[in-house]
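Here the structure is laid out as structure tokens; the discussion comes afterwards.
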Number of protein chains: 2
Amino acid sequence: MARPRRYDYAELRVEVIRAARTLLQEGGPAALTARALSKAVGVTSGTIYGQFGDLRAVLLEVNRDTFNELTQMIEALPNDEPEPWLYALAEGYVEFMLSRHGVWQGLFEGPRVTEKFPDWYMETIHGLLARIAKPLAQIAPATDACARAEELFVAVHGGVALAAVGRLDMVSSRSANVLAREAVATMIGAISKTP
Amino acid sequence: MARPRRYDYAELRVEVIRAARTLLQEGGPAALTARALSKAVGVTSGTIYGQFGDLRAVLLEVNRDTFNELTQMIEALPNDEPEPWLYALAEGYVEFMLSRHGVWQGLFEGPRVTEKFPDWYMETIHGLLARIAKPLAQIAPATDACARAEELFVAVHGGVALAAVGRLDMVSSRSANVLAREAVATMIGAISKTP
DNA sequence: ATAGTTTCTGAACGTCGTTTAAAAACAGTG
DNA sequence: CACTGTTTTTAAACGACGTTCAGAAACTAT
């Protein structure tokens with residue numbers, strides 16, 4: 001009693017999200033257009049709007065996938081002593097983000113997409129912060145490890161942010177990776193040498 | 001032997017730049033459109049294109065002004081001991097950038113405007129880095145003050161970057177100002193306590 | 001007056017996100 | 001079989017964007 005749907009909506013969603021990610025990766029946020037996206041999946045833009053509402057929703061779904069991958073990557077880090085583990089995390093984070101720098105811009109650039117961040121958004125971030133805080137607490141039980149974790153994350157973010165938009169060379173000839181390692185070293189130095 | 005120009009080009013330029021800054025301030029990069037800009041100064045967009053070439057050039061001129069103001073603000077900081085001076089610089093920088101967060105996005109967001117940065121661009125940044133390095137060298141003559149200055153700037157930039165696009169609350173409940181102070185404290189702690 | 005020259009405008013081009021009227025494709029009913 | 005009802009999908013449209021450019025406008029020199 002109705003026109004049958006031509007596409008499996010579940011399949012369509014994953015295809016759209018995958019195509020969106022490819023476009024982001026290759027050309028940054030500017031390349032994620034409704035027309036390019038619909039052409040890439042062989043559907044008209046109207047169909048995508050029927051499924052996602054608008055383009056920001058597509059970007060949000062890409063970000064959800066990215067955050068899931070980030071969580072997985074962190075889980076997969078080899079168990080190690082606090083210090084080497086922290087370095088591995090910093091290095092992994094930088095490499096993860098810069099190998100997805102188009103996606104990164106979708107995550108951190110432009111006006112905020114939503115008034116309040118989705119739960120999975122905050123959970124991923126806080127999971128990451130907790131993973132940073134734990135080794136810091138082991139290294140220096142006296143400090144406020146959560147506060148230090150926030151500060152360390154922000155410091156690393158600074159380097160990644162500049163690198164992701166091609167502006168790190170404005171400030172330094174070193175790579176974001178090296179700067180992240182230095183940030184870890186500085187933090188460890190500061191908290192471990194307090195009598 | 002020619003149509004006389006209706007506008008003083010020098011005046012026109014400063015008016016366009018001022019209007020562009022207002023638009024940026026009030027609505028971020030998205031609000032800086034050729035039509036809004038030309039309406040604001042009472043000129044058609046063609047005239048602006050004749051003077052500036054394209055909108056990126058207008059943005060670049062706004063940035064030049066911003067950088068000049070930044071330099072002036074730094075020069076105006078009261079002379080002080082290395083440590084308090086560093087704190088004052090960090091605080092001043094954060095306040096400067098966040099009170100211009102629309103302009104900030106034009107400075108640091110989006111794909112790079114030019115292949116190579118203009119000279120005044122690099123001079124301002126390097127001037128700032130040198131101003132950071134000097135007190136660091138006084139505090140700990142043994143360290144590579146220039147390298148530490150880059151790292152400290154990047155760390156502060158991380159907080160400002162998140163705050164400027166309304167995403168700092170994703171990571172921390174503290175302000176960019178507080179995080180910047182902590183970054184300074186961490187750096188001083190790390191370099192001053194090396195035997 | 002007329003011709004020459006430069007300045008400025010306004011309309012146009014193609015692209016963007018998004019909306020929507022209509023076409024398409026079926027199941028149920030007579 | 002035709003017709004109706006319902007839902008899905010399309011294609012064209014809308015307004016706004018950056019940018020370009022033919023030509024109107026406004027003067028000087030002859």
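Chain naming here is simple, since letters A, B, ... match the order of the sequence lines and numbering starts at 1 in each.
Taking the ring axis of A/Tyr7 as reference, the NZ or CZ atom of A/Arg5 does not stay both within 45° of it and closer than 6.0 Å to the ring centre.
In this structure, B/Tyr9 reaches the sugar-phosphate backbone alone: every heavy-atom distance under 4.0 Å involves primed, P, OP1 or OP2 atoms, never a base.
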Is there any protein nitrogen or oxygen under 3.5 Å from a nitrogen or oxygen in nucleotides 20-26 of chain D, and what are the pairs?
from	atom 1	to	atom 2	distance (Å)
D/dA25	N3	B/Arg3	NH1	3.1

Which is it for A/Met97 and A/Leu70 under the side chain to side chain contact (heavy atoms under 4.5 Å, CB included) test, yes or no, and what are the steps along the way? CA-CA 9 Å; A/Met97 286 304 180; A/Leu70 176 63; 4.2 Å; yes
Run B/Glu69 and B/Arg21 through salt bridge (Lys or Arg N to Asp or Glu O under 4.0 Å) and show every step you take. CA-CA 13 Å; B/Glu69 282 184 25; B/Arg21 201 152 92 150; 2.8 Å; yes
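Within residues 16-41 of chain B, the residues approaching DNA chain C are B/Arg35, by heavy-atom distance under 4.0 Å.
Of the possible polar contacts, one joining the A/Thr22 side chain to the A/Arg18 backbone as a donor-acceptor pair under 3.5 Å is found. Panel note: side chain A/Ser172, backbone A/Leu168; no donor-acceptor pair is recorded below 3.5 Å.
The nearest pair of heavy atoms linking B/Arg13 to B/Gln51 is NH1-O, 3.3 Å. Residues B/Met170 and A/Met122 share a closest heavy-atom pair of O-CE, 3.7 Å. Among all heavy-atom pairs drawn from B/Tyr87 and B/Arg181, the shortest one is CE2-O, 3.5 Å. For A/Gly159 against A/Ala176, the heavy-atom pair with the smallest separation is O-CB, 4.0 Å.
The OH-P distance, from A/Tyr7 to C/dC26, rounds to 13 Å in whole Å. Whole-Å rounding puts the A/Arg6 CZ to D/dT6 C1' distance at 18 Å. Between A/Phe52 atom CZ and C/dG17 atom C1' there is a gap of 16 Å when expressed in whole angstrom units. In this structure, the CD1 atom of A/Ile48 is 11 Å from the P atom of C/dG17, given to the nearest Å. For B/Leu59 and D/dT19, the CG to P distance is 12 Å, given to the nearest whole Å.
Candidate nucleotides C/dG10, D/dT8, C/dG17 were compared by shortest atom distance to the side chain of A/Arg5, and D/dT8 ranks first.
Distances shown here put a side-chain N or O of A/Thr47 below 4.0 Å from the OP1 or OP2 atom of D/dT10.
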